[in-house]
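Proteins come first, then strands; the chains are lettered A, B, ... in the order of their sequence lines, and each starts at number 1. Fair warning: this is a prediction, and the values are worked out from it, not measured in the lab. The figures that follow rest on heavy atoms only: side chains count, while hydrogens, waters and symmetry mates do not.
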Protein chains: 2
Amino acid sequence: MSNRIRGVANPQAQAEVPGAPETAPVTAPLASRPLYLQARDLLLRRIVDGTWKPGGYLPSEPQLALDLGVSIGTIRKAMEDLVGQGLLERQHGRGTQVVPHSSDRSRFRFLRFVHGDGRPFRPVALVLSAGTARADAQDRAALGLGAGAKVMVLLRTRSEDGVPLIYERIALPAEPFAALKPEPGAEMLEEIYVLYQARCGQTVARARDTIATDRASPAMADALGCPPGAPLLLVRRVAVALTGDPIEYRQSWTAALHYRSDLD
Amino acid sequence: MSNRIRGVANPQAQAEVPGAPETAPVTAPLASRPLYLQARDLLLRRIVDGTWKPGGYLPSEPQLALDLGVSIGTIRKAMEDLVGQGLLERQHGRGTQVVPHSSDRSRFRFLRFVHGDGRPFRPVALVLSAGTARADAQDRAALGLGAGAKVMVLLRTRSEDGVPLIYERIALPAEPFAALKPEPGAEMLEEIYVLYQARCGQTVARARDTIATDRASPAMADALGCPPGAPLLLVRRVAVALTGDPIEYRQSWTAALHYRSDLD
DNA sequence: TAGTGGTCTAGACCACTAG
DNA sequence: TAGTGGTCTAGACCACTAC
């Protein structure tokens, strides 16, 4: 048995020695990476490139095993890894699905805001303004952009029962999110990560949050109905895509809400 | 093959029908729980009850498979689950170890404080006071205690380069932590979870953090060198043991530090 | 060299979903 | 009923650690 998945790993080696017998590759850097990791990466690549879309089903295990030329057990091990990352979801008797971002699912994959008494916060978002601008230093650092790069900037509030509780600024790299087309004044009932995925093909895989205190700017005070300079909780989030590239830098300010990690 | 691990799962069924042939149990509630889950629970129980101590090694896979009367694959699956929870650590060629709480490991299993510029915070803790008291309402709610229950309360600061940056109150259920014996004025170089484990046999498995803003009380202002009433970041943590019981309620106040979730 | 965990396979049988 | 994933086994071979 060859030491790599057919036509998948080390394609350059294949290209360098076309038709060569299956001997040790000339350069053998990753040639012996475990098959299940190669399989996992291949599955991931097909998810990223859209071969299998969010909400869609993968081929069955026996089929994938045939396709990749490995045993079912190896396929299963590759899948388990992606299931653990929250990318795939297996349903007994039905199949294996690429997990779509749904508001419900997002609620449990990331830290989230709650009321002071622990009640969940169920917001409706209202877009205050949207447009592209030159990325500022913080945006560039968070998103790994060069000087002069453009970002789409959204300002919005998130309200419950008509009461705005969060003031939010979201910066996104301009091109991948050109199709987002947020409309000022529009209400967003869905979790915004659902829109990233549906409109822009961008899937948020993980996020890093940094929490600090801040003071209300006039704009925040106006939006949140608190005095300027009032102490606020500030949550900064950098979200990364399946590829590991940062795709969202978000700052959320709130006066009344708490932020929670659910049983880490 | 019997449908349960010998002498482990459903011992009451065994007791009710001693010497009975291996037929369906009279009451078959959990009789068909997968073997690997039964094996996982057994391993967990032996970790909790101290059969295998933190830092110690488990028997080898073939040995455990023999002991439990299951195949190695089933043992591996049980272990993988516990490895995923951070309870076990496998070392190729050496064995499988019960993970001891070390300061280094803790740093990556929980949310943590960082400096505003992202630098890690490496504190030394100083105990201000320690003693037992009647649990207040918040303590009881967090720790699941009844009215009149006693808690050990620690007040301490956490400093870097001699500068106190965190003021902290820790409430612990009195009896399990009687052996902690914190000494006011003592410096704690180790992560306190190491002490819980070493002195009291209590292992913190998971924690839930809730972050809010607060105002400095006179005591906090005094300890942190900020004006009374200054806005602070307040992190409340409820930590639970391997058994799932809450064993620590901690409140941490800071003026300068940020709090961070590292990638999810 | 002996013993450990790591990878990979092949196949039996079960449980769930859908038509 | 056909097809899917879930459990469980048995065994081969490899790679790492220790002595």
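- Between the side chains of Tyr36(B) and Asp81(B), no donor-acceptor pair of N or O atoms lies under 3.5 Å.
- Going from atom CD of Glu191(A) over to atom CZ of Phe110(A) covers 8.0 Å, rounded to the nearest 0.5 Å.
- Checking dC8(D), dT9(C), dG6(D) against every side-chain atom of Leu35(A), the shortest atom distance belongs to dT9(C).
- Taken from CD1 in Ile192(A) to CG in Leu180(A), the straight-line distance is 6.0 Å, to the nearest 0.5 Å.
- Map Gly73(A) and Gln91(A) each onto its nearest nucleotide of DNA chain C; the residue landing nearer the 5' end is Gly73(A).
- Going from atom NE2 of His115(B) over to atom CZ of Arg122(B) covers 10.0 Å, rounded to the nearest 0.5 Å.
- In terms of the salt bridge (Lys or Arg N to Asp or Glu O under 4.0 Å) criterion, residue partners of Arg158(A) (sequence neighbours excluded) are, by chain and number, Glu168(A).
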Between the protein and nucleotides 1-3 of chain C, are there any N/O to N/O pairs under 3.5 Å, and if so, what are the atom names and distances?
{"unit_1": "dG3(C)", "atom_1": "N2", "unit_2": "Gly93(B)", "atom_2": "O", "d": "3.1"}

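- The CD atom of Gln63(B) sits 10.5 Å away from atom CD1 of Ile75(B), with the distance rounded to the nearest 0.5 Å.
- Per the geometry, CG belonging to Leu68(A) stands 15 Å off C1' belonging to dT9(C), to the nearest Å.
- Close to dG6(C), at under 4.0 Å from its OP1 or OP2, lies a side-chain N or O of Arg76(B).
- Rounded to whole Å, atom P of dG5(C) lies 13 Å from atom CD of Glu80(B).
- Under a 3.5 Å cut-off, the side chain of Glu248(A) and the backbone N or O of Leu172(A) do not form any donor-acceptor pair.
- Remark: C1' of dT7(D) and CG of Leu37(B) are 10 Å apart, rounded to the nearest angstrom.
- For the helix from dT1(C)-dA18(D) to dA18(C)-dT1(D), the angle separating the two terminal helix axes comes to 10°, with each axis derived from five pairs and the value rounded to 10°.
- Between Asp81(B) atom CG and dC8(D) atom P the separation is 13 Å, expressed in whole Å.
- At whole-Å resolution of the value, OH in Tyr36(A) and C1' in dG5(C) are 12 Å apart.
- Protein atom CD1 of Ile75(B) is 9 Å distant from nucleotide atom P of dT9(D), rounded to whole Å.
- Taking only side-chain nitrogens and oxygens, Lys77(A) never comes nearer than 4.0 Å to OP1 or OP2 of dC8(C).
- In this structure, Met152(A) and Pro182(A) have side chains that are in contact, with non-hydrogen atoms separated by less than 4.5 Å.
- In this structure, of dG6(C), dT9(C), dG5(D), it is dG5(D) that holds the atom nearest to the side chain of Thr96(A).
- The distance from atom CE of Met79(A) to atom P of dT4(D) is 11 Å, rounded to the nearest whole Å.
- Protein atom CZ of Arg33(A) is 14 Å distant from nucleotide atom C1' of dT7(C), rounded to whole Å.
- Residues Tyr57(A) and Arg94(A) form a side-chain contact, since some pair of their non-hydrogen atoms from C-beta on lies under 4.5 Å apart.
- Ranking dG5(D), dC8(C), dT9(D) by closeness to the Val70(B) side chain, first place goes to dT9(D).
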